[in-house]
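All remarks here apply to the structure that follows.
Just so you know, ligand 1 is whichever comes first in the structure, and atom 1 is the first atom listed for that ligand. For reference, positions follow the sequence shown, starting with 1.
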Amino acid sequence: MANHARKNDHAVQVASIQTLMNRDKPDADLIIIDEAHLSCSASYKSIVKHYADIVQVVPMATLIASGHLVKPRVFAPFTPDMRGVKKSKGDYDATQTAALMDKKEITADIVKHWVTSALDRKTIVFASSVAHSKNIVAEFLAANISAKHLDANTPAKERDQTLAEWRDGQFTVLSNMGLFIEGLDVPAASCCILARPTKSLTIYLQAVGRVMRPHESKSDCVILDCAGLTYEHGFVDDAREWTLDGKAKKPREEMSVVHICEECAAAYSKAQHPDECPECGAITPVETKEVG
Ligand SMILES: [Zn+2]
């Protein structure tokens, strides 16, 4: 809109957020926001407040049922105890979180469970610090599984080359710190290792979303949740009601109860599978852990 004569009589108007912030707001019946997970920022809020309600186009479960996304199989072999961790800027303190997560026994457990549940899947790891990410790579390499690390300080040329090698299948596990939350487009990736605890539902959904795109080489994806994110935020494909006032309409107790299989570490909804584990068939015991 900025460098073009504005024509208000056209039915569809396209504008950047920067342009729209400085103009009268269009008398629109419907606004569509690209990259809508950014729309909680102040700039978007200044626009969105002019409109009354939000349209929920299609829930994730429907996209999975229609084949536009693949079904996640979730394993949660380890859940960190975050109760003593400080919060800063709305999330867990990064230093404390990294100290909690970057332990040899946890990292070894990640590799062990990957071998059991996700062997040879093209895998992306979300780590809690640069050192943590490098230690995870070292543990995979020690198990003779090809792996590489990237972070925000990796030179652009090296980052591009590493990504191209991963895309080509020259190595299996790509671990990163602080990259690829959005914009990574490698649909053949079919395992996501969550090793970064976060209060952010957006980061969780964006991370898992990297491996949910359909591809001819896969029929599902594996989420190895070592960060307690399924407990913290619910299942990726749980129904969520989004609002414009930033509050969840649905009480947490209405979300799926997460049960973790003692045999295979599968995390599943007891409502959907009241009798047995969908992965290994182990009988579901009566006692459960609640989300949250
Ligand atoms: Zn099981």
Side-chain angles (χ1 to χ4, degrees), residues 60-61 63-65 67 69-82 101 103-127 136 139-140 143 145 172-173 175 189-198 204-205 207-215 217-240 252-292:
M60 204 176 269
L63 291 172
I64 293 168
L69 296 173
V70 299
K71 176 81 183 161
R73 293 164 54 208
V74 185
F75 296 86
F78 171 76
T79 301
D81 183 351
M82 303 301 290
M101 293 299 293
K103 292 182 181 148
K104 171 83 178 167
E105 63 269 25
I106 297 175
T107 308
D109 217 37
I110 288 173
V111 174
K112 189 182 95 182
H113 280 276
W114 182 88
V115 168
T116 307
S117 308
L119 186 65
D120 291 339
R121 284 177 181 259
K122 194 187 283 285
T123 296
I124 181 150
V125 185
F126 293 88
I136 290 170
E139 198 71 31
F140 273 106
I145 296 151
T172 305
V173 177
S175 184
S190 70
C191 173
C192 171
I193 297 178
L194 301 168
R196 174 191 173 181
T198 177
Y204 167 52
L205 295 179
V208 173
R210 297 313 93 204
V211 297
M212 289 183 69
R213 294 177 191 193
H215 187 262
S217 65
K218 73 198 205 194
S219 58
D220 57 29
C221 60
V222 169
I223 313 302
L224 207 51
D225 178 5
C226 304
L229 300 189
T230 310
Y231 279 141
E232 178 105 37
H233 302 291
F235 289 100
V236 169
D237 50 347
D238 274 345
R240 291 182 172 80
R252 288 294 280 276
E253 53 268 29
E254 279 184 31
M255 295 182 72
S256 297
V257 174
V258 179
H259 177 73
I260 296 182
C261 176
E262 287 181 11
E263 298 296 325
C264 73
Y268 61 93
S269 156
K270 270 197 80 174
Q272 287 177 16
H273 305 280
D275 302 321
E276 59 182 39
C277 171
E279 292 291 337
C280 76
I283 303 298
T284 303
V286 177
E287 70 279 3
T288 57
K289 292 183 185 177
E290 299 287 335
V291 170

Exercise for the section: Give me the protein N, O or S atoms that fall under 2.8 Å of the Zn ion (ligand 1), sorted by chain and residue number. Expected result: Cys261 SG, Cys264 SG, Cys277 SG, Cys280 SG

Problem - Exercise: identify the closest heavy-atom pair between Pro197 and Ala227 - result: N-CB, 3.5 Å

Exercise for the section: Kindly write out the residues that satisfy side chain to side chain donor-acceptor pair (under 3.5 Å) with Asp109, not counting sequence neighbours, or none if the list is empty. Expected result: none

Fill in the blank from the handout: residues 115-126 vs side chain to side chain donor-acceptor pair (under 3.5 Å), sequence neighbours excluded, gives Trp114-Thr123, Arg121-Ser190, Arg121-Asp220

Exercise for the section: Could you tell me whether the side chain of Tyr204 and the main chain of Gly234 form a donor-acceptor pair under 3.5 Å? Expected result: yes

Practice task
Check whether any side-chain N or O of Lys218 sits under 3.5 Å from a backbone N or O of Ala189 as a donor-acceptor pair, and report yes or no.
Solution key: yes

Problem - side chain to side chain donor-acceptor pair (under 3.5 Å) involving Asp81 - partner list, sequence neighbours excluded - result: Arg83

